[in-house]
Asks: 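One structure is given below, represented as structure tokens, and several questions about it will come after.
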Number of protein chains: 2
Amino acid sequence: MASLAERIEALIAARSLKPGDRMPAERSLAAEFQVSRSSLREAIQQLVSRGLLISRHGGGTFVAAPDEAEPVRTALLPLVSLAQSEAGYWRDVMEIRKLLDSDTASFAALRADEADKARLVSAYQAVANAPADDPETQARADAAFHMAIAQAAHNAVLHQIMAGLHGLLEISISDSLRRLYDLPGILDLLNQQHRQILDCILAGNAEAARQAAADHLTFVESRLRLIEDSATRQRRSSRALQHIAEEKEALS
Amino acid sequence: MASLAERIEALIAARSLKPGDRMPAERSLAAEFQVSRSSLREAIQQLVSRGLLISRHGGGTFVAAPDEAEPVRTALLPLVSLAQSEAGYWRDVMEIRKLLDSDTASFAALRADEADKARLVSAYQAVANAPADDPETQARADAAFHMAIAQAAHNAVLHQIMAGLHGLLEISISDSLRRLYDLPGILDLLNQQHRQILDCILAGNAEAARQAAADHLTFVESRLRLIEDSATRQRRSSRALQHIAEEKEALS
DNA sequence: TACGGCAAGTGGTACGACCAATATCGCTTG
DNA sequence: CAAGCGATATTGGTCGTACCACTTGCCGTA
């Protein structure tokens, strides 16, 4: 027999419940499935943690919106431990990004329609106009620009993978990502590279876009290596203390 | 305050529990966290569904092995609906595989150590020796061979992505994947291509490996397109009946 | 010493109760 | 008559208890 969570999913599909629709009450569902509310709640909590349902205390349980990017982010949560345990994990991420960002830019140059191009220009301007003293906004706008390229590539799988890679980078070296924008004179260089990628895509020049993206990623990786190398030493010394803090928090 | 599931994760980290280690009993943990066993179980079930824990009835709850591939497979479950709703989803998957499998083979040729090469040879032989009349075993051995290449590429992220892509393919066109091996004379062709990829990797010839993998994937995609195109028509007509069956199963 | 069975411990499930947040409906009131 | 408001029903969140099924391991017996 299928697991309870799967049976609930099947029920959603069978009833054609759309995002935002209200689920039957827990007591009703429990009766319908002929299980206790406890067991039903365990199953519901699994679906909630997977982002398929949303529970509101006193309000009800609703089908969540399949947020195109959100499922990928939650999907990567199990990898957090792995990403944090291996210090060089971000290098693996960047190695793949060097490959995929090139292909993404190439596809985008070939396939971007007018709506894609409008989004790309908008995203580029957001990066260029981001306040120079706000690394947080810089990082978000930068990621949004690359995600706009991924969207313009018109490949759902590629889009999801790129979203995942950004998430993994965020997890493994979020601090260094912020500090990247503090390097002297780097904003102009990044903007220049972004502009070149943008122009190549808008012009439909796939090969040039590929090369521009490859150069950009190589540049970013080299700078991140500088930052991360110097940060690794300090981090190592503070790890023991962190463990104690975690134990304390777990028992709080 | 952190969620209960997070507090449990923190406890695992703080206690340095390794895969296979036994978790405290539910009743003990509930007392330690000062929550009811019901609430604790809801949190534990979330971690179980995410593959971090394994519960054995009567035996205890154990920390799961970070199976390198398994978390990705469960992580992709939220994408099932998307994979199934879009008929052409598998084309996106194959498009990315054409790119990544080439790079994977290239990396493997450059980085494979003796243990990797032994695994590759073993995996290849498993494919070549799989019974010709057993598509299920064929498909599994084939996937295992490609995963061995991904492992030999020595990039954790790449390995996870490849595992995810195989999972997505399995979800979207598992039937066609099985029927692939029924095409007349295809086994010899596939084995020949696999052999070429293997030889190039063993010889350390990165460029040849890349080309061999690219040719292989292009070939497989063309054959899958033949099968899938002819299958699409029939599937469409039986979809209505399937929904009824799901409703029935959900209430069973 | 080896074997078998019993008891303790564990996860799985169920039922009932209560609390807190929310939604719903009806009543009062302007 | 309509709008605001308060009581009530509904819903998710939590707790406690009890019982079952299974595993483990210990102890007693052969």
Side-chain angles (χ1 to χ4, degrees), chain A residues 1-12 15 17-65 67 70 74 78 249-252, chain B residues 1-12 15 17-67 70 74 249-252:
Chain A
M1 172 168 119
S3 82
L4 196 48
E6 287 169 354
R7 291 174 66 187
I8 297 176
E9 282 187 84
L11 185 77
I12 295 175
R15 296 245 233 269
L17 294 182
K18 303 198 294 183
D21 282 358
R22 190 186 190 137
M23 291 282 294
E26 293 181 353
R27 293 165 176 87
S28 310
L29 266 186
E32 187 169 354
F33 286 133
Q34 297 190 342
V35 296
S36 70
R37 193 157 84 102
S38 322
S39 302
L40 185 89
R41 274 186 59 80
E42 288 183 11
I44 286 184
Q45 287 303 318
Q46 292 179 30
L47 299 182
V48 168
S49 76
R50 274 167 46 188
L52 272 75
L53 297 179
I54 295 179
S55 289
R56 279 191 306 175
H57 189 172
T61 306
F62 301 83
V63 179
D67 183 347
E70 178 56 20
T74 63
E249 182 187 357
L251 298 175
S252 68
Chain B
M1 169 167 124
S3 81
L4 196 48
E6 287 169 355
R7 290 174 67 188
I8 297 176
E9 282 188 84
L11 184 77
I12 295 176
R15 296 247 232 270
L17 295 183
K18 303 196 293 183
D21 283 357
R22 190 186 189 135
M23 292 281 295
E26 294 181 352
R27 293 167 176 83
S28 310
L29 265 187
E32 185 169 353
F33 285 133
Q34 297 191 344
V35 296
S36 70
R37 191 158 87 103
S38 320
S39 302
L40 184 91
R41 274 187 59 80
E42 287 182 12
I44 286 184
Q45 286 303 318
Q46 292 178 30
L47 300 182
V48 169
S49 75
R50 274 166 48 186
L52 273 75
L53 297 178
I54 294 179
S55 288
R56 279 192 307 175
H57 189 172
T61 305
F62 301 83
V63 179
D67 183 340
E70 177 58 19
T74 63
E249 181 188 358
L251 298 175
S252 69

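Computed from a prediction, not measured in an experiment: that's the story for all the values here. Letters A, B, ... are given to chains in the order of the sequence lines, protein chains preceding strands, and every chain is numbered from 1.
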Asks: Distance under 4.0 Å to a non-hydrogen atom of chain A counts as contact; along DNA chain D, which nucleotides mark the start and end?
Replies: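 Counting from the 5' end, contacts occupy D:dT11 to D:dT14.
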Asks: Could you give the distance from CG (B:Leu53) to OG1 (B:Thr61), rounded to the nearest 0.5 Å?
Replies: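 Spacing of CG (B:Leu53) from OG1 (B:Thr61) equals 7.0 Å.
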Asks: Quick one: label A:Arg56 by what it contacts on the DNA or RNA (base, sugar-phosphate, nothing), any heavy atom closer than 4.0 Å.
Replies: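 Contact class for A:Arg56: sugar-phosphate only.
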Asks: Over all strands shown, is A:Ser55 touching base, sugar-phosphate only, or nothing at heavy-atom distances under 4.0 angstrom?
Replies: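 The residue A:Ser55 makes sugar-phosphate contact but no base contact.
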Asks: Return the minimal non-hydrogen interatomic distance between B:Phe33 and B:Arg7, and the atom names on each side.
Replies: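 Answer, listing the atom of B:Phe33 first, then B:Arg7: CD2-NH2, 3.4 Å.
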Asks: Take B:Ser36 and A:Gly58, find for each the nucleotide of DNA chain D with the closest heavy atom, and name the residue whose nucleotide sits nearer the 5' end.
Replies: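 Looking at DNA chain D, the more 5' nearest nucleotide goes with A:Gly58.
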Asks: Using the side chain to side chain contact (heavy atoms under 4.5 Å, CB included) criterion, which residues pair with A:Ser38? Sequence neighbours excluded.
Replies: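 A:Ser38 satisfies side chain to side chain contact (heavy atoms under 4.5 Å, CB included) with A:Ser36 once adjacent residues are dropped.
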Asks: Is there a side-chain contact between A:Glu42 and B:Arg41 (heavy atoms, below 4.5 Å)?
Replies: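 Counting from C-beta outward, A:Glu42 and B:Arg41 do come under 4.5 Å.
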Asks: Taking the side chain as everything from C-beta on, heavy atoms only, tell me whether A:Ile44 gets closer than 4.5 Å to A:Met23.
Replies: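 With C-beta onward as the side chain, the pair stays apart.
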Asks: If you round to the nearest 0.5 Å, how far is CD of B:Glu26 from OG of B:Ser55?
Replies: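 One finds 6.5 Å between OG of B:Ser55 and CD of B:Glu26.
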Asks: A:Val35 or B:Ser28: which one's nearest nucleotide on DNA chain C is closer to the 5' end?
Replies: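 Final value for this comparison: B:Ser28.
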Asks: Mapping A:Arg37 and A:Phe62 to their closest nucleotides on DNA chain C, which lands nearer the 5' end?
Replies: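 Residue closer to the 5' terminus by nearest nucleotide: A:Arg37.
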Asks: Is the closest side-chain heavy-atom distance between A:Ile12 and A:Asp21 below 4.5 Å?
Replies: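 Side chain of A:Ile12 against side chain of A:Asp21, heavy atoms only: no contact under 4.5 Å found.
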Asks: What is the nucleic acid contact for A:Ser39, judged by heavy atoms within less than 4.0 Å: base, sugar-phosphate only, or nothing?
Replies: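 Contact class for A:Ser39: sugar-phosphate only.
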Asks: Along DNA chain C, 5' to 3', what are the outermost nucleotides having an atom less than 4.0 Å from a heavy atom of chain B?
Replies: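 So the contact region on DNA chain C extends C:dG9 to C:dT13.
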Asks: Flag the pair B:Leu29 / B:Leu11 as yes when at least one side-chain heavy-atom distance between them is below 4.5 Å, and no otherwise.
Replies: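 SC-SC contact between B:Leu29 and B:Leu11 confirmed.
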